[in-house]
Visitor: 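First, the structure itself, so that you have it in front of you.
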Protein chains: 2
Amino acid sequence: MEAARKPRNATREENLAVILHHAEKIFAEFGFKGATMQAIADAAGLPKANLHYYFPTKLALYREVIERIFTIWLEAADSFDTSATPEEALSRYIRKKMEISRAHPCGSKVWANEVIQGAPIIQDYLQTTLNEWTDTRIKVINRWIAEEKIDTVDPRHLLYMIWATTQHYADFQHQIVTLNSGNPLSDSQWENATDSVTGVILRGIGLKP
Amino acid sequence: MEAARKPRNATREENLAVILHHAEKIFAEFGFKGATMQAIADAAGLPKANLHYYFPTKLALYREVIERIFTIWLEAADSFDTSATPEEALSRYIRKKMEISRAHPCGSKVWANEVIQGAPIIQDYLQTTLNEWTDTRIKVINRWIAEEKIDTVDPRHLLYMIWATTQHYADFQHQIVTLNSGNPLSDSQWENATDSVTGVILRGIGLKP
DNA sequence: CCTCATCCTGACCATTTGGTCAAAGGAATT
DNA sequence: AATTCCTTTGACCAAATGGTCAGGATGAGG
């Protein structure tokens with residue numbers, strides 16, 4: 001969000017990246033109030049006072065972390081409407097969201113934590129950007145239904161199902177790993193998960209995956 | 001978990017219930033570290049020191065809250081295997097889980113928070129009770145597949161989908177309410193949500209809901 | 001009215017927390 | 001070398017937090 005003033009010195013960029021990376025982990029693990037600046041500083045290998053040089057308050061750091069996650073989510077959203085058919089649109093969107101769950105589990109967890117706690121920070125995002133995005137997708141899905149390309153289904157709940165299932169693999173990662181004998185999902189297991197989710201949802205609305 | 005020593009005095013029972021009820025809310029809203037004994041005490045309308053009379057530590061109170069949630073979840077699990085057909089078993093299980101999401105959203109949120117944070121408290125539950133429960137259901141689903149009652153599907157991911165979607169309505173309640181113009185889901189909207197989820201999942205594995 | 005066990009609570013404490021600040025590097029430009 | 005701007009950090013503080021404790025309230029049985 002902040003433009004780097006001196007691109008010549010890469011240290012600023014580096015430090016920002018390191019701080020944000022570890023802040024994401026700590027916030028994911030303890031939530032906003034549970035995370036401490038000291039813990040983030042230790043994880044990042046910096047003195048606490050240095051964090052406050054880059055981010056004046058804990059809230060500012062948290063906000064930055066959240067904003068980055070939101071950006072990633074919006075990009076995944078793009079792959080929804082660059083497709084011709086419902087099959088392609090939905091399966092690409094689901095696959096993309098599964099990939100994000102695997103690549104950025106902590107980001108997803110921070111978002112989940114935030115929403116569970118009533119979204120005190122991102123409330124405006126929900127009301128504006130997410131709300132608008134949802135409305136446009138609902139219209140697309142309703143068009144598919146009108147054109148009899150998919151079965152009748154409440155578009156809103158279809159979207160919720162996709163969000164819930166894909167994010168589950170990030171947010172409940174620990175539970176899934178535990179039920180997988182303590183091992184993280186392998187490549188093929190992730191592939192299987194993606195295929196399973198895609199298969200049930202597509203068939204669930206009358207498509208053939 | 002603790003037996004009441006003097007059932008004659010109902011005050012103990014009452015206070016325990018009040019404390020646990022409000023503790024669930026506060027823990028759901030702030031996570032374990034974020035919740036404060038003072039906040040729980042205020043919500044329950046009791047002095048903080050009184051909480052420590054009933055629950056020696058914050059952890060003991062949290063553990064009790066978690067255990068109660070787990071009990072409710074296990075009861076929902078029962079409705080899974082008292083049914084004859086896959087249609088009935090799955091639709092009853094999904095419906096039950098949706099009802100729990102509506103009746104006990106805070107409980108679900110506490111569980112979600114706990115799992116997101118790596119389940120430091122309930123790890124043993126995941127490894128024993130939940131793991132065993134999952135294994136038995138997987139066998140049942142695999143039998144359905146062998147008997148060609150449902151399409152081929154990875155039972156594990158089918159279960160994850162059910163958990164994810166149903167719990168989403170509790171854990172992401174705030175997001176759903178926001179996307180519903182700020183209004184909680186009405187009776188008919190909950191019915192619609194349940195039907196939508198059940199419909200997609202059942203059709204997704206070759207059943208007619 | 002007395003006894004005794006349970007229940008309640010205001011005051012208190014040690015620790016942790018987010019955040020501040022002044023003084024000290026450091027590197028490029030003049 | 002002097003200057004200037006950015007960066008770093010140890011020491012510090014006020015507030016909040018989990019937990020303690022001694023003493024007071026309460027009520028049932030005698």
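Predicted, not measured: the structure shown is a model, and the values here were computed from it. Side chains are part of it too, since the values below use all heavy atoms of this structure and drop only hydrogens, waters and symmetry mates.
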Visitor: Specify the separation, in whole Å, of atom CZ of B:Phe55 and atom P of D:dG18.
Guide: 15 Å
Visitor: Give a yes/no on whether any side-chain N or O of B:Arg12 is located under 4.0 angstrom from OP1 or OP2 of C:dC7.
Guide: yes
Visitor: Identify, with sequence neighbours excluded, every residue that meets side-chain contact (heavy atoms from CB on, under 4.5 Å) alongside B:Ile72.
Guide: B:Ile100, B:His104
Visitor: For a quick test of your reading: what N or O donor-acceptor pairs under 3.5 Å do the side chains of residues 170-179 of chain A make, sequence neighbours left out?
Guide:
residue: A:Asp171; atom: OD1; partner: A:Ser108; partner atom: OG; Å: 2.7
residue: A:Gln173; atom: OE1; partner: A:Lys109; partner atom: NZ; Å: 2.8
residue: A:His174; atom: NE2; partner: B:Gly118; partner atom: O; Å: 3.1
residue: A:His174; atom: NE2; partner: B:Gln123; partner atom: OE1; Å: 2.5
residue: A:Gln175; atom: OE1; partner: B:Trp111; partner atom: NE1; Å: 3.4
residue: A:Thr178; atom: OG1; partner: A:His174; partner atom: O; Å: 2.9

Visitor: Going by ring pair (Phe, Tyr, Trp, His ring centres under 6.0 Å), name the pairs with one or both residues in residues 35-59 of chain A, residues two or more places apart or in two chains.
Guide: none
Visitor: Considering residues at least two apart in sequence or located in another chain, which fulfil the side-chain contact (heavy atoms from CB on, under 4.5 Å) criterion with A:Arg102?
Guide: A:Asp187, A:Trp190
Visitor: Can you list, by residue number, the residues of residues 24-52 of chain A that have a non-hydrogen atom closer than 4.0 angstrom to DNA chain D?
Guide: A:Pro47, A:Ala49, A:Asn50
Visitor: Taking OH from A:Tyr54 and P from D:dC6, how many angstroms apart are they, rounded to a whole number?
Guide: 12 Å
Visitor: Atom CG of A:Leu61 and atom C1' of C:dT17: how far apart are they, to the nearest Å?
Guide: 15 Å
Visitor: NZ of A:Lys58 versus P of C:dT16: gap in Å, rounded?
Guide: 16 Å
Visitor: Residues in side-chain contact (heavy atoms from CB on, under 4.5 Å) with B:Ser186, at least two apart?
Guide: B:Ser188, B:Gln189
Visitor: Write down the distance between CG (B:Leu16) and C1' (C:dC8), rounded to a whole number of angstrom.
Guide: 14 Å
Visitor: Flag the pair B:Asp195 / B:Arg95 as yes when at least one side-chain heavy-atom distance between them is below 4.5 Å, and no otherwise.
Guide: yes
Visitor: Report yes if at least one side-chain N or O of B:Tyr53 is closer than 4.0 Å to OP1 or OP2 of C:dC7; otherwise report no.
Guide: yes
